[in-house]
Amino acid sequence: MVRFLQRTYVYLIFAFLYAPIAVLISLSFNAARSRGSWGGFTLQWYVELFQDRVIMNSLYTTLFIGITSALVATIIGTAAAIGIHNSRGWQKKLVMNLTYIPVLNPEIVTGISLMILFVFAKLQFGYLTLLLAHITFNIPYVILSVLPKLRQLDKNLYEAALDLGAEPWYAFLKVILPEIMPGVITGLLLAFTLSIDDFVVSFFTTGSGVATLSITVYSMARRGINPKLNALSTIMFVAVLLLLIIVNVRQAQDEKKARRQNDKENTLSLVGRASAADIDPEWMQQQ
Amino acid sequence: MNRTRPMLPYMVWMTIFIVVPLFLIVYYAFTSTEFNGVALTLDNFRRVFQPVYMKVLWRSVKLAVVSTAVCLFVGYPAALIMAGNAFSRKNTVIMLFVIPMWMNFLLRTYAWLTLLERSGFVNQFLARIGLPSLNILYTDSAVVLGMVYNFLPFMILPIYSVLSKIDRGVLEAAADLGANKVVTFLRVILPLSLPGVISGITMVFMPALTTFVISRLLGGGQYTLIGNLIEQQFLVVGDWGFGSAISMVMIILILISMAVMSFFEDGEEGRALW
């Protein structure tokens, strides 16, 4: 009986969390324009969605910014993680604190501070500013994905490669990179997901005529509810869900291979963005 | 070879795009360009303390506190249940809490707009079971609802992760020593779960205090919350000095709440501010 009540309580919370999503998804197939009635199943909104210039353009922008910023952030972030891994003492502390600023800072502050910078530097607001902003908030998450892999790395491997005559760069490519690759890929996917998910920072750093999907959703939602938006929401939900599953399956595989970490880290790695805000102190203590 | 060299590009990048912009906010908050040249001033901060803006500030803090409290009181029992043995597949249950969090938060908020409309689903449902309709859209209640909906998992997950790590032996020991369930909860489980509660509160309170989207979509009026005020100053009014000053006040509010939080936490596991 107690167990039944307990389960019911959790199921009610799930209903609260999933009802809006379920309603949006089912409305995206509703032929009636008014939400009050069910006019039969249709794919009309999906067809119209793909004919909508504004929405399609923002989709391209989102993908372009997402892919480019994730790639650049992964390169800079992986290099940074290696440097951080090799550094000690105050230097390490300084860089790690720097890494946590954008993670802990409210998004709106990151957004407006970058906006001020871009105006100050007289940059034209548009793709470039959007890209710079996205790279900036992505790099720390790449670092936080790669660092654990570096900690698992056997230090002697790199030394051995050097002893056997490998140049440092060659040793990095052939010895270190393959070992930390899972972390790098996870960081890349995380960065991409965060980028396509972002609204606040994009909102302050984009220029006229350049909109990501989030920005388009925001401006359309304020003008009233549009069935095409429901179709778009459904597609984005499914896309993010797929990405999330890929990332988590990867992490699960890594964790099986590696030593069993404690439960908290497992849970928090699922949370992704949430984790970074929370692992901070413990991570620092482990160092 | 200097082995820390690979982080050089990162240091340069972060200095330009994180450190310098933050200093620019401080710079704009403390200066005015009204006269010929730039002058140091506290006027921007004086304006923040005008009644109109104090009202916005108070309202933001109030709504953030209410949302955090609702999340805590709804979320703690859920975390407790999940850490117990009501569910056999715990990882799946946790996953189900995480999935909605990864849906774009604009879309989730937008979904509530659909639900809460005058002829929306909630009202149709209420009408069907014979209850009066609920018109909370564009009120503070809708904003709180939106916040709770968006941030509830941030409360449940950290509490769950702490609860699930509690040693069963400790609970058995409490029972052996004669504690009933209520006493065990109050004297053993609750104190041990405090670190999770604290990080949950931090993770809900901070985004709730700084949001401007939820209030813009679900709330009424333009100057609902501090986040909206900042957004307006930068994008509509163009008063960067005042906008920067409010941002700094907001950051200070967050730092204070984080300090209060770490004060409540056990010294042993205390999370230093920095």
Side-chain angles (χ1 to χ4, degrees), chain A residues 3 6-7 9-10 13-14 17-18 20-21 23-24 27 35-36 76-77 79-80 82-84 86-87 91 95 97-98 101-102 106 108-109 112-117 120 132 136 139 168 197 199 204 214 217-218 221 225 229 233 236-237 240-241 244 263-264 267-268 270-271 274 277-278 281, chain B residues 1 3-7 9-11 13-14 17-18 20-22 24-25 28 77-78 81-82 86 94 96 98-100 102-104 106-108 110-115 119-121 124 154 157-158 161 164-165 199 203 206 210 212-213 217 227 230 234 240 243 247 250-251 254 271-272 274:
Chain A
R3 209 173 138 153
Q6 287 182 338
R7 283 185 174 189
Y9 184 76
V10 175
I13 293 180
F14 281 144
L17 289 179
Y18 281 93
I21 299 172
V23 167
L24 270 193
L27 281 181
R35 285 153 303 281
I76 300 178
I82 291 167
I84 294 170
N86 291 331
S87 61
Q91 207 182 6
V95 191
N97 277 337
L98 201 60
I101 295 178
I108 189 171
V109 173
I112 55 161
S113 65
L114 282 168
M115 179 188 149
I116 295 179
L117 176 79
F120 215 75
L132 291 173
T136 304
I139 303 176
D197 201 46
F199 167 72
F204 287 103
S214 293
V217 169
Y218 181 70
I225 290 145
L229 270 189
S233 313
M236 282 176 80
F237 181 58
V240 172
L241 199 62
L244 179 70
D263 278 337
K264 184 173 184 181
T267 322
L268 286 170
L270 290 174
V271 189
D278 197 64
Chain B
M1 187 185 95
R3 298 180 66 184
T4 60
R5 208 170 50 187
M7 71 184 183
Y10 172 65
M11 298 290 281
W13 187 285
M14 293 304 266
F17 292 105
I18 293 292
V20 170
L22 286 179
L24 283 175
I25 289 188
Y28 276 103
I81 292 168
M82 282 158 61
I94 296 162
L96 285 171
V98 178
I99 289 169
W102 276 87
M103 187 180 186
N104 188 310
L106 264 172
L107 296 180
R108 281 181 288 163
Y110 166 75
W112 277 104
L113 206 61
T114 321
L115 283 171
S119 60
F121 269 79
Q124 283 184 13
F154 289 113
L157 292 168
S161 70
S164 64
K165 272 198 301 192
S199 50
M203 281 160 74
M206 222 177 74
T210 61
F212 69 94
V213 181
L217 288 180
I230 295 174
F234 278 96
W240 289 11
S247 307
M250 188 175 79
I251 295 173
I254 287 168
R271 22 196 304 171
W274 280 49

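What you see below is based on every heavy atom in this structure, not just the backbone, and it leaves out hydrogens, waters and symmetry mates. Every chain is numbered from 1 and lettered A, B, ... according to where its sequence line falls, protein lines coming before strand lines. A quick note: this is a predicted structure, and the numbers were derived from the prediction, not measured.
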- Query: So, for I108(A) and G227(B), which heavy atoms are closest and what is the spacing to 0.1 Å?
  - Reply: CD1-O, 3.5 Å
- Task: Name the region of I13(A), side chain, backbone, both or neither, that has any atom closer than 4.5 Å to a heavy atom of chain B.
- Result: side chain
- Message: Quick check for you: among T210(B), I254(B), L217(B), L24(B), which has the greatest number of heavy-atom pairs under 4.5 Å with chain A?
- Response: L24(B)
- Quick one: closest heavy-atom pair of M203(B) and F154(B), and the distance? CE-CD2, 3.7 Å
- Query: For L115(B), is it the side chain, the backbone, both or neither that has a heavy atom under 4.5 Å from a heavy atom of chain A?
  - Reply: side chain
- What class does the angle between the rings of F212(B) and F199(A) fall in, given that below 30° is parallel, 30 to 60° is tilted and above 60° is perpendicular? tilted
- Item | Per-residue contact mode, L17(A) against chain B (heavy atom under 4.5 angstrom) | both
- Item | Nearest atoms (heavy-atom pairs only) where S164(B) meets S161(B) | OG-O, 3.1 Å
- Message: Between L107(B) and F237(A), is there a side-chain heavy-atom distance shorter than 4.5 Å?
- Response: no
- Quick one: what part of L96(B) sits under 4.5 Å from any heavy atom of chain A, side chain, backbone, both or neither? both
- Which pair of non-hydrogen atoms, one from M7(B) and one from I84(A), has the smallest distance, and what is that distance? SD-N, 3.6 Å
- Which bit of L241(A) comes within less than 4.5 Å of chain B, counting heavy atoms only: side chain, backbone, both or neither? side chain
- Message: Which atoms of V23(A) are under 4.5 Å from chain B, going by heavy atoms: the side chain, the backbone, both sets, or neither?
- Response: side chain
